[in-house]
Asker: 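Handing you a structure now.
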Amino acid sequence: MSDEDYNIETGKDYLEGTTKFKPVKVELNVSNVKKTDEVHYWINEITNQYADLVITNVKADPDKISFDIGSPSMEDLTAEDIEFRMKEYLEMNIPPFEVKELKVQ
């Protein structure tokens with residue numbers, strides 16, 4: 001049994017009928033991506049570190065990683081809050097790729 005993507009996308013059912021949930025789009029321009037499973041594991045760990053966050057719509061390409069992230073229980077969470085958490089996460093959890101740029105919108 002693989003734990004790959006264990007938490008990614010699991011929040012989708014929780015989001016059904018939640019009209020106030022507005023996810024934020026995160027885009028990472030990256031290089032040196034060697035294995036997609038390492039990328040998914042790294043993204044999955046975000047939901048372990050920040051249990052209130054839900055991640056959906058993950059796309060991992062050799063030069064760009066994107067996903068939607070938000071919290072159904074915190075409707076006042078802003079893009080700035082997510083950007084702060086992403087920068088904090090990048091500092092504490094070295095990714096298996098090089099991050100050239102982080103965009104949160």
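The structure displayed is predicted, hence computed values, not measured ones.
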Asker: Can you list every pair that meets ring-ring contact (aromatic ring centres under 6.0 Å, His included) and has a residue in residues 44-72, with sequence neighbours left out?
Answerer: none
Asker: Report the distance from atom CD1 of Ile82 to atom CG of Leu102, rounding to the nearest 0.5 Å.
Answerer: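 Rounded to the nearest 0.5 Å, the CD1-CG separation comes out at 11.0 Å.
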Asker: Do Phe84 and Leu77 share a hydrophobic cluster, counting only Ile, Leu, Val, Met, Phe, Trp and Tyr and linking them when any side-chain heavy atoms are less than 4.5 Å apart?
Answerer: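 No; tracing contacts between hydrophobic side chains, which count when under 4.5 Å, never links both residues.
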Asker: Does a side-chain heavy-atom distance below 4.5 Å link Glu38 with Phe97?
Answerer: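 Counting from C-beta outward, Glu38 and Phe97 never come under 4.5 Å.
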Asker: Roughly how far apart are Leu53 CG and Met74 CE, rounded to 0.5 Å?
Answerer: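 Between Leu53 CG and Met74 CE, I get 8.0 Å after rounding to 0.5 Å.
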Asker: Distance from His40 atom NE2 to Lys35 atom NZ, nearest 0.5 Å?
Answerer: 14.0 Å
Asker: Taking atom types as modelled, is there a side-chain donor on Asn93 or Gln49 under 3.5 Å from an acceptor on the other?
Answerer: yes
Asker: First locate atom NZ of Lys100, then atom CG of Asn32, and finally report the distance between them rounded to the nearest 0.5 Å.
Answerer: 8.0 Å
Asker: So which heavy atom on Val30 is nearest to which on Asp61, and how close?
Answerer: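 Looking at all heavy atoms of both residues, the shortest contact is CG2-O, 4.4 Å.
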Asker: Please report the closest heavy-atom contact between Ile69 and Val26, naming both atoms and the distance.
Answerer: CG2-CG2, 3.5 Å
Asker: Return the minimal non-hydrogen interatomic distance between Gln105 and Val24, and the atom names on each side.
Answerer: O-CG1, 3.2 Å
Asker: If you apply the rule side-chain contact (heavy atoms from CB on, under 4.5 Å), what do you find for Ile46 with Met86, and how did you get there?
Answerer: CA-CA 9 Å; Ile46 295 169; Met86 288 305 306; 3.9 Å; yes
Asker: Applying salt bridge (Lys or Arg N to Asp or Glu O under 4.0 Å), run through Glu83 and Lys87 and close with a yes or a no.
Answerer: CA-CA 6 Å; Glu83 183 174 8; Lys87 286 179 178 178; 3.3 Å; yes
Asker: In Å and rounded to the nearest 0.5 Å, what is the CG to CD1 distance from Asn44 to Ile55?
Answerer: 7.5 Å
Asker: Do you know which of Ile65, Ile94, Asp37, Leu90 makes side-chain contact (heavy atoms from CB on, under 4.5 Å) with Trp42?
Answerer: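 The side-chain contact (heavy atoms from CB on, under 4.5 Å) with Trp42 is passed solely by Leu90 among Ile65, Ile94, Asp37, Leu90.
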Asker: Quick one: list whatever passes salt bridge (charged side-chain N to carboxylate O under 4.0 Å, His left out) with Asp52, sequence neighbours left out.
Answerer: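 Partners of Asp52 by the salt bridge (charged side-chain N to carboxylate O under 4.0 Å, His left out) criterion, ordered by chain and then number, come out as Arg85.
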Asker: Quick one: which residue pairs count as a salt bridge (Lys or Arg N to Asp or Glu O under 4.0 Å) with a foot in residues 62-74, not counting sequence neighbours?
Answerer: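 Qualifying pairs, neighbours excluded: Lys25-Asp68, Glu27-Lys64.
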